[in-house]
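To start, the structure under review is shown below, and the notes come after it.
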Amino acid sequence: MDKRKAFEKPIGFRDLLPAVTAKKRFIENKLQDLFHQWGYLEMKTPTLEYDETVGAASKIPGAKMFKLLDRSGNPLVLRPDMTSPIARVVSSILKDQEMPIRLSYHSNVFRAQENEAGRIAEFFQSGIELIGEGTPDADAEILALAVEALKLLRVGSFRLVVGHTGYLNGILEEWVEDQAIRDILKTYLSDKNMVGYRDKVKEVVSSEKGVKALLSILELQGDITKLEEGLEQTESTSARNSIDDLKKIWRLLKLYNAQENVTFDLTLVPHLEYYTGMVFEGTAENTGFPICGGGRYDTLLKTFNNPQQEIGFALKINRILDISQLTPLTEKIIKVVYDLERQEEALAYAIQLRKQSAARIETLRIDDKSPSDLPSDEDKEVIWFVREGQNKNE
Amino acid sequence: MNNNNLTIAMPKGRIMEEAIEIWIKAGLPVPEDLDETRKLIINMKHVQTRWILAKPMDVPTYVEYGVADIGIVGKDVIMESERDVYELLDLKISPCRLSVAGIPGASSKDSVPKIASKYPKIAEKYYREQGKQVEVIQLHGSVELGPIIGLADGIVDIVSTGRTLKENGLIELETIAPITTRLIANQVSYRMKQDRIKEIIDRLSPVL
């Protein structure tokens with residue numbers, strides 16, 4: 001085996017240098033201020049969790065998680081998301097707290113990427129969870145908050161596409177009896193394979209009307225009028241109730257002034273299996289990958305023996321860092337340069353200045369070096385504390 | 001990913017020629033000087049469209065990363081590249097099939113048969129799902145050589161007429177999947193440029 005170079009790090013992991021780290025912190029602070037205003041309090045959870053609890057609840061395939069063993073041989077995972085750990089917390093430590101509970105997080109999560117070495121294995125998510133409310137009001141609240149967040153982050157033109165798992169499940173149950181085949185059809189949709197979906201529908205559905213209905217749902221993408229069209233395609237109660245829910249959500253979004261950024265796709269099937277109601281995905285014009293995703297997962301808490309409902313979203317901070325027009329304020333930098341003779345005076349000055357000023361204060365001892373040997377600091381204000389004859393302030 | 005401009009990744013070669021015929025039949029704009037040009041990018045400003053001429057295997061990559069909004073590519077490449085893209089339409093051109101081929105009557109002398117292929121991921125997955133163990137050897141072309149010179153016991157490759165196989169003394173043993181050319185789209189473009197992509201689908205669908 002080749003000897004590793006001293007600078008190598010594990011595949012998929014990255015260092016964040018100061019400029020990017022500053023932007024990330026700035027973005028996260030802005031987001032947390034917003035989340036806080038909406039009543040979402042920040043929390044942290046451990047980096048490691050048990051595979052059989054949080055790992056299983058996350059519904060992320062085992063091969064996509066980093067696993068290790070604790071000292072007793074129990075399988076652990078590096079947390080693959082934040083939703084499952086928070087579900088664990090609200091089902092245990094917070095279980096007697098009054099509902100609804102509103103929580104937010106800014107955290108790194110881990111996925112083992114087998115596909116390609118260039119893909120990241122550790123990425124950052126900022127998100128919120130609303131627990132204990134199953135109403136369209138809660139759905140609308142998190143959509144509106146996602147819209148506010150993306151506006152705040154100045155990601156350019158963006159769109160939230162909203163669907164509902166109940167619609168798709170309802171219309172599939174209406175025409176396809178076999179659960180296994182319904183799952184295959186849903187997998188085609190979540191794999192974004194419209195060709196495969198169409199071929200399979202034609203292969204397995206015998207009634208002409210059924211084929212027509214199941215193919216027509218592929219057209220149900222666009223503005224609010226698509227909900228009416230969706231209603232016409234189905235007699236299924238659960239599908240029709242889902243459309244009702246979406247209509248209620250839409251009306252509420254008007255009150256939040258958030259309709260403009262929202263469209264519908266009734267065939268939207270997120271990859272995670274735990275979604276049970278409204279689902280959504282956020283896209284922006286300047287990146288080829290989604291920047292946000294979320295929805296309702298009312299059965300997730302049941303895996304932690306908690307009957308409550310839960311809804312939430314996560315923003316993909318790595319993508320947002322690339323496209324956000326937000327820039328941290330350029331800070332003023334003051335450099336205090338001194339020699340041994342005036343050290344006391346210089347450091348006292350720096351300490352005082354740090355108390356008074358928001359600027360970044362650096363100190364540098366030069367002793368016998370001539371000030372002209374120092375690197376030029378064009379972007380910095382330099383204050384000199386050097387012995388007579390060396391004083392550059394004059 | 002600029003607002004209303006649409007970038008299409010086209011695979012250089014035979015598929016592109018057939019795609020252009022469909023494009024013309026559907027009344028979609030096609031560059032005029034395609035034959036003479038060696039350019040990799042062709043701008044059609046008047047219709048806010050740009051073609052990227054790419055290696056077929058790279059088309060899903062360009063589309064996944066969003067530097068191309070949509071692309072034309074064979075199902076074999078989609079299966080092998082495992083990219084996260086929308087597969088929107090079966091263009092039904094360049095039909096062929098992915099098959100296993102080998103020397104007739106030959107049986108493997110190794111404990112684990114060796115399979116040569118340009119499609120290592122597909123071959124790997126196919127045999128895994130069959131519960132058979134094989135050793136997949138990746139080659140980049142003229143895969144038929146594998147069994148002839150004794151590198152491999154069989155091959156996984158695309159077969160259209162079967163002539164190449166026959167000329168090299170190989171026969172088709174199993175079909176893995178039928179293959180045609182597909183229209184794929186980036187997942188964000190599919191949302192943000194829905195109107196333009198839908199127009200292309202609506203024009204193409206009746207002529208397929």
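Convention: sequence-line order gives letters A, B, ...; per-chain numbering from 1. Quick caveat: nothing in here was measured; it's all calculated off a predicted structure.
Of all residues spanning residues 146-162 of chain A, those with a heavy atom less than 4.5 Å away from chain B's heavy atoms are A/Ser157, A/Phe158, A/Arg159, A/Val161, arranged by number. For a heavy-atom cut-off of 4.5 Å, chain A lies close to no residue in residues 13-20 of chain B.
Qualifying salt bridge (charged side-chain N to carboxylate O under 4.0 Å, His left out) partners for A/Glu228, counting only residues two or more places apart in sequence or in other chains: A/Lys247.
Every pair passing salt bridge (charged side-chain N to carboxylate O under 4.0 Å, His left out) that includes a residue from residues 182-191 of chain B is listed here, sequence neighbours excluded: A/Asp265-B/Arg191, A/Glu281-B/Arg191, B/Glu87-B/Arg182, B/Asp90-B/Arg182.
In this structure, the ring of A/Tyr297 has its center less than 6.0 angstrom from the ring center of A/Tyr274. Aromatic ring centroids of A/Phe123 and A/Phe110 lie 6.0 Å or more apart.
With 3.5 Å as the limit, one finds no donor-acceptor pair spanning the side chains of B/Arg196 and B/Ser189. Remark: the B/Asn5 side chain and the B/Lys193 side chain contain no N/O donor-acceptor pair separated by less than 3.5 Å.
Using cut-offs of 30° and 60° on the angle between ring planes, the pair A/Phe13 and A/Phe66 is tilted.
Taking all atoms of both residues into account, the shortest heavy-atom contact from B/Gly102 to B/Leu173 is N-CD1, 3.7 Å.
Salt-bridge formation is detected for the pair A/Lys226/A/Glu229: a Lys NZ or Arg NE/NH1/NH2 atom is positioned less than 4.0 Å from an Asp or Glu carboxylate oxygen. Using a 4.0 Å cut-off between charged side-chain N and carboxylate O, A/Lys212 and A/Glu208 make no salt bridge.
Using a 4.5 Å cut-off between heavy atoms, B/Val63 does not touch chain A at all.
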